[in-house]
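Letters A, B, ... mirror the listed sequences (proteins, then strands); counts begin at 1.
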2 protein chains.
Amino acid sequence: MNDLSQEQQVAFQAACRQAGLRLTPQRIEIFRELARAKDHPSAETLHRRLVERMPSLSLDTVYRTLGTLASHGLIMRVDTIESQARYEVAQLLHHHLICRSCKEIFDFQWQSVDNAALPDAVKSWGRVERKNVVAYGICNKCLKK
Amino acid sequence: MNDLSQEQQVAFQAACRQAGLRLTPQRIEIFRELARAKDHPSAETLHRRLVERMPSLSLDTVYRTLGTLASHGLIMRVDTIESQARYEVAQLLHHHLICRSCKEIFDFQWQSVDNAALPDAVKSWGRVERKNVVAYGICNKCLKK
DNA sequence: ACAAAGATAAGAATCATTCTTAAAAAAGAA
DNA sequence: TTCTTTTTTAAGAATGATTCTTATCTTTGT
């Protein structure tokens, strides 16, 4: 646990208080595990990892907590065409590259898109809050198989 | 049914043959309905519409057919964070604007992104096949509520 | 028209997620 | 601290979306 995650943890706790969410060991551990994970895990994957440390943690709590945190903007649900929902801690702006074969999700930055204004046709649609690129392809590992 | 959809239909049938997929009335109607729809419908929505014309059509066939056509690239499954899968006919390159409130999906074009090369960091990842922007916000209809 | 392979309908089964309920824990007040 | 109120949790039932199984029917090439 380095300074960054320490800081992230403190920020998380402050954000919970501000949102009127109680700080429970479950929420703290679920957030910590998600922040540490780099693979945009599903509820089930997170639960599998956490049960080692918190044997009584229920899968339902993981689902419920991820939903709660996402609805308060503390974490993000990732856009995918998979059947299982996957999550990530809302980090600095980034985009996703998804392997059609192994489903691994790779984060990348693309500031020219971040800074670009959306086309005029979109202006009359409503209020746009965020925009992300989702690219699909086959990663090198899978290409070699 | 105008010339465009007529043409689209012929192209669909040719693509099925080429892919070794048999041309059944179910597949033809499912594709036709999806091509006509502008709302990126789910399997259930499509089934509801089609049953009027094809009373014996099973929901399972709609699911199966959408899966088959998507795996052959004839249609696309849309990236969303919804629980139901939604589909669209693979049209000319476009992007999506999704309303967080009513879930309506609006298509738009953004050629500067289409033509832009991905950042260098991505080049070593593998083979990228497509890239789409997914923007979230609240549409005007919902803002007025 | 005929055989072989593929596709469909119906319903059972499965997977992912949410709901229900009673018990346990957090936060604020005394 | 202890009490009180309200939230959160665990467990398992329930639901929603999708897929599988099987027997029957169709398409397609001959």
Side-chain angles (χ1 to χ4, degrees), chain A residues 12-34 40-72 74-75 77-87 103, chain B residues 12-34 40-72 74-75 77-87 103:
Chain A
F12 168 69
Q13 301 192 6
C16 279
R17 277 184 233 284
Q18 189 151 29
L21 297 175
R22 291 187 177 175
L23 274 171
T24 65
Q26 290 88 340
R27 283 178 176 163
I28 291 171
E29 286 306 312
I30 290 169
F31 180 84
R32 191 203 301 289
E33 190 64 40
L34 182 61
H40 312 77
S42 65
E44 214 170 343
T45 301
L46 273 177
H47 181 253
R48 197 180 324 116
R49 292 175 189 164
L50 285 160
V51 154
E52 309 272 320
R53 284 186 257 151
M54 295 186 93
S56 70
L57 180 69
S58 76
L59 178 56
D60 177 71
T61 295
V62 178
Y63 272 107
R64 194 163 13 77
T65 301
L66 292 173
T68 303
L69 299 184
S71 77
H72 285 275
L74 296 173
I75 65 174
R77 179 167 169 177
V78 179
D79 291 289
T80 72
I81 59 176
E82 285 178 79
S83 53
Q84 282 193 126
R86 295 173 65 169
Y87 293 86
K103 317 296 183 198
Chain B
F12 169 68
Q13 301 192 8
C16 279
R17 276 184 234 285
Q18 190 151 28
L21 297 175
R22 293 186 173 174
L23 275 171
T24 66
Q26 290 88 340
R27 283 178 177 164
I28 291 171
E29 286 305 312
I30 290 169
F31 180 83
R32 192 203 302 289
E33 190 65 39
L34 183 62
H40 313 77
S42 65
E44 213 169 345
T45 300
L46 273 177
H47 180 254
R48 197 180 322 119
R49 292 174 189 165
L50 286 160
V51 154
E52 309 271 321
R53 286 185 256 150
M54 296 185 93
S56 70
L57 180 69
S58 76
L59 178 56
D60 176 71
T61 295
V62 177
Y63 272 107
R64 194 163 12 78
T65 300
L66 291 173
T68 304
L69 299 184
S71 76
H72 286 274
L74 296 172
I75 65 175
R77 179 167 170 178
V78 178
D79 291 288
T80 74
I81 59 176
E82 284 179 79
S83 54
Q84 282 192 126
R86 295 173 65 169
Y87 293 86
K103 317 297 183 198

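- Out of D:dT9, D:dA17, D:dT8, the shortest distance to the side chain of A:L21 is found at D:dT8.
- For the side-chain contact (heavy atoms from CB on, under 4.5 Å) test with A:V62, the passing option among A:Q26, A:H47, A:R49 is A:H47; the others fail.
- In this structure, CD of B:Q84 is placed 15 Å from C1' of D:dT19, rounded to the nearest angstrom.
- Taking atom CD1 of B:I28 as the reference point, atom C1' of D:dT28 lies 14 Å away to the nearest angstrom.
- Remark: side-chain polar atoms of A:R27 are not paired, donor with acceptor, to backbone N or O of A:T65 under 3.5 angstrom.
- With rounding to whole Å, B:L57 atom CG is found 14 Å from D:dT26 atom P.
- At whole-Å resolution of the value, CG in A:L23 and P in C:dG28 are 10 Å apart.
- Taking 4.0 angstrom as the limit, A:T61 places a side-chain polar atom (N or O) nearer than this to OP1 or OP2 of D:dA10.
- Note on B:S56: a side-chain N or O is less than 4.0 Å away from OP1 or OP2 of C:dA9.
- Comparing B:Y63 and B:P25, the nucleotide of DNA chain D nearest to each residue sits closer to the 5' end for B:Y63.
- Between B:E44 atom CD and D:dG16 atom C1' there is a gap of 8 Å when expressed in whole angstrom units.
- Formation of a donor-acceptor pair under 3.5 Å by the A:R86 side chain with backbone atoms of A:H40 is found in this model.
- Nucleotide C:dA16 holds its P atom 19 Å from the CD atom of B:E82, rounded to whole Å.
- Within the nucleic acid shown, B:R64 comes within 4.0 Å of at least one base atom, counting heavy atoms only.
- Under 3.5 Å, the side chain of A:R22 and the base of D:dT6 form at least one donor-acceptor pair of N or O atoms.
- Rounded to an integer number of Å, the gap from CG of A:L59 to C1' of C:dT17 is 9 Å.
- In this model, the phosphate group of D:dA10 is approached by a side-chain N or O of A:Q26 to a distance below 4.0 Å at OP1 or OP2.
- Atom NE2 of A:H47 is separated from atom P of C:dC15 by 17 Å (rounded to the nearest Å).
- As judged by a 4.0 angstrom heavy-atom cut-off over every strand, B:A85 is placed among residues touching the sugar-phosphate backbone only.
- In this structure, B:L46 and B:L66 have side chains that are in contact, with non-hydrogen atoms separated by less than 4.5 Å.
- Residues B:T24 and B:D60 each lie close to DNA chain D; by heavy-atom proximity, the contact nearer the 5' end of the strand is made by B:D60.
- Considering all non-hydrogen atoms of both residues, A:A43 and A:L59 come closest at O-CD1, 4.1 Å.
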